[in-house]
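Letters A, B, ... mirror the listed sequences (proteins, then strands); counts begin at 1. In what follows, every heavy atom counts, from backbone to side chain, and hydrogens, waters and symmetry copies are set aside.
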Amino acid sequence: MSAIASRPAATLARAAAAFALSLGFWVAFARPYENLLALAAERVLRATESPSVTRLEAREGEILVDRADFPPAAPRPGLPAADLHFNFVLLVALFALDRHPLRPERVAALLAAAVLLFLVHVAALVVQVRSVYAASLGEWSSARYGSFWRQLWTGAFHFYQIAGRFAAPFAIWWPFRTARDEDGSPVRARTRRRAAG
Amino acid sequence: MAAPPASPGTSPRRGSFAFLARFAGFLVLFYLLVALRPINDHVIVPFTAGIARASGALLRTLGEPVSVEGTEIRSSSFAVQIENGCNGLETILLFVSAVLAFPAAARWRAAGLLVGFASIEAFNLLRVASLVWVGGHRPALFSSFHTILWQSLVVLFGVLLFLFWAARAGSRARRAEAVR
């Protein structure tokens, strides 16, 4: 039986402590993380556009979107950064459900999962910038994006906002659950004996 | 954590990825459903207005004078509009997709969906009521409470609920398999 079912109080206490700790960690490192995120997403955007003109800059909780072909006086869209990546806190809390979350192999698994979540954040930021290009810049958007692409980019980002950003930590954590929870549980052992008898 | 009960000849790892594939499929399907304009207008918006009324009633019971109009809750110094993301829908989508993707008996699924839905919405009611209170009394904290703290807590609550249900449903399924 899993830790949450066999020792709910201890498991919940671990998850709550991990939630609080990771929240502190997240607050402390959000700014440098947003710089890294902006840099990585900018690379992806520039590699997939022609001409390569997008520039992303993390500033005061926002990712500012700039393009070399924007009119100099036009305001630059700012995207709220915390919405993209606060789900890191959720990922850490899920790893803390393990009975021994501080064992080296579990910490390594958490680091691997955090790298995967970073890739999700980069993809989400790229999609968000594309959705801004496709739908939020008035005539500039209409001139460059048809109805299909507008729907696709805005729909993809809306999916991330409503479901994806919450599902991502869960889906990434799920394959990393510990093997001892997969089999050899007390319930299974008891049922085998009962079945044999 | 709760492992999907693997059918004979299926490795746990393969069962795990099969669960994830089903989960992703249900999530996209339900997202597309709730994104449809008629469903949004005739189901989601009235449901959200119901949450606003319930939260308003809870706040008034706790001595907080608020009024509710549609999906908006107003106090003397603060007003909040409840939208998708604040109505618990994102956690419900996650929970329902996970329960349907997990191999379990239909009766267990039905019970899980009913209890899960009620529990998540009850927890979400606390979120909305507390956010209105924070917005009125500690406005500087509202953004952090709204975007980070409560969203994560409600989703974590939904995930823990699913894991608890899955541990019970999974062990029952394995027990039935062993007896057979």
Side-chain angles (χ1 to χ4, degrees), chain A residues 1-6 8 11-12 15-16 18-19 22-23 26-27 30 61 80 82-83 86-94 97-98 155 158-167 169-179 181-183 185-196, chain B residues 1-6 11-13 15-17 19-21 23-24 27-28 30-32 34-35 83-85 89-95 97-98 143-144 147-149 151-172 174-180:
Chain A
M1 191 180 291
S2 72
I4 184 85
S6 60
T11 307
L12 290 179
F19 184 85
S22 59
L23 194 61
W26 179 83
V27 168
D83 282 359
F86 74 85
N87 55 9
F88 168 77
V89 175
L90 203 55
L91 183 75
V92 177
L94 288 173
L97 296 177
D98 189 274
H158 191 240
F159 174 77
Y160 182 73
Q161 276 186 309
I162 295 294
R165 61 183 167 162
F166 305 112
F170 174 70
I172 290 172
W173 163 77
W174 185 260
F176 282 105
R177 289 162 303 128
T178 46
D181 288 317
E182 299 277 355
D183 50 28
S185 64
V187 168
R188 182 173 272 192
R190 276 200 304 272
T191 52
R192 275 199 195 117
R193 278 200 297 274
R194 194 184 301 161
Chain B
M1 300 310 112
S11 73
R13 183 63 59 192
S16 198
F17 283 110
F19 164 79
L20 274 184
F23 169 71
L27 198 64
V28 172
F30 290 129
Y31 166 75
L32 290 174
V34 300
E83 294 176 350
N84 279 347
L89 189 73
E90 72 289 350
T91 308
I92 296 283
L93 288 183
L94 211 70
F95 182 81
S97 302
S143 181
S144 306
T147 311
I148 300 153
L149 192 68
Q151 288 207 89
S152 307
L153 281 178
V154 174
V155 174
L156 186 61
F157 177 77
V159 170
L160 290 176
L161 211 58
F162 163 70
L163 294 174
F164 188 78
W165 171 85
R168 304 274 164 180
S171 65
R172 271 186 85 89
R174 281 192 291 269
R175 201 173 295 159
E177 190 68 38
V179 170
R180 245 181 270 139

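Remark: B:Phe157 engages B:Phe123 in a ring pair (Phe, Tyr, Trp, His ring centres under 6.0 Å) (not counting sequence neighbours). Scanning for side-chain contact (heavy atoms from CB on, under 4.5 Å) contacts around A:Pro8 gives an empty result, with sequence neighbours left out.
A pairwise comparison of heavy atoms in A:Ala163 and B:Leu94 identifies O-CD1, 4.4 Å as the closest pair. Scanning both residues, A:Ala171 and B:Leu20, for their nearest heavy atoms gives O-CD1, 3.6 Å. Heavy atoms only, all atoms of each residue included: B:Ser152 and A:Leu90 are closest at O-CD1, 3.6 Å. In terms of heavy-atom proximity, B:Ser16 sits nearest to A:Pro175 at OG-CA, 4.3 Å.
At a 4.5 Å heavy-atom cutoff, the contact between A:Ile162 and chain B is made by backbone and side-chain atoms alike. Using a 4.5 Å cut-off between heavy atoms, B:Phe17 touches chain A through its side chain atoms alone. Heavy atoms of A:Phe19 lying under 4.5 Å from chain B belong exclusively to its side chain. Interface remark: B:Val34 contributes no atoms to any contact with chain A (heavy atom separation under 4.5 Å). For chain B, the nearby part of A:Phe170 is the side chain; its heavy atoms alone come within less than 4.5 Å.
With rounding to the nearest 0.5 angstrom, the CG atom of A:Leu23 is 9.0 Å from the CG atom of B:Leu153. One finds the CG atom of B:Leu156 at 11.5 Å from the CG atom of A:Leu91 (value rounded to the nearest 0.5 Å).
Between A:Phe159 and B:Leu27, the closest side-chain pair of non-hydrogen atoms falls below 4.5 Å. Under the 4.5 Å side-chain criterion, counting only non-hydrogen atoms from C-beta, B:Leu93 is not in contact with A:Phe166.
Interface remark: of the candidates B:Leu32, B:Thr91, B:Leu160, B:Leu160 forms the most heavy-atom pairs closer than 4.5 Å to chain A.
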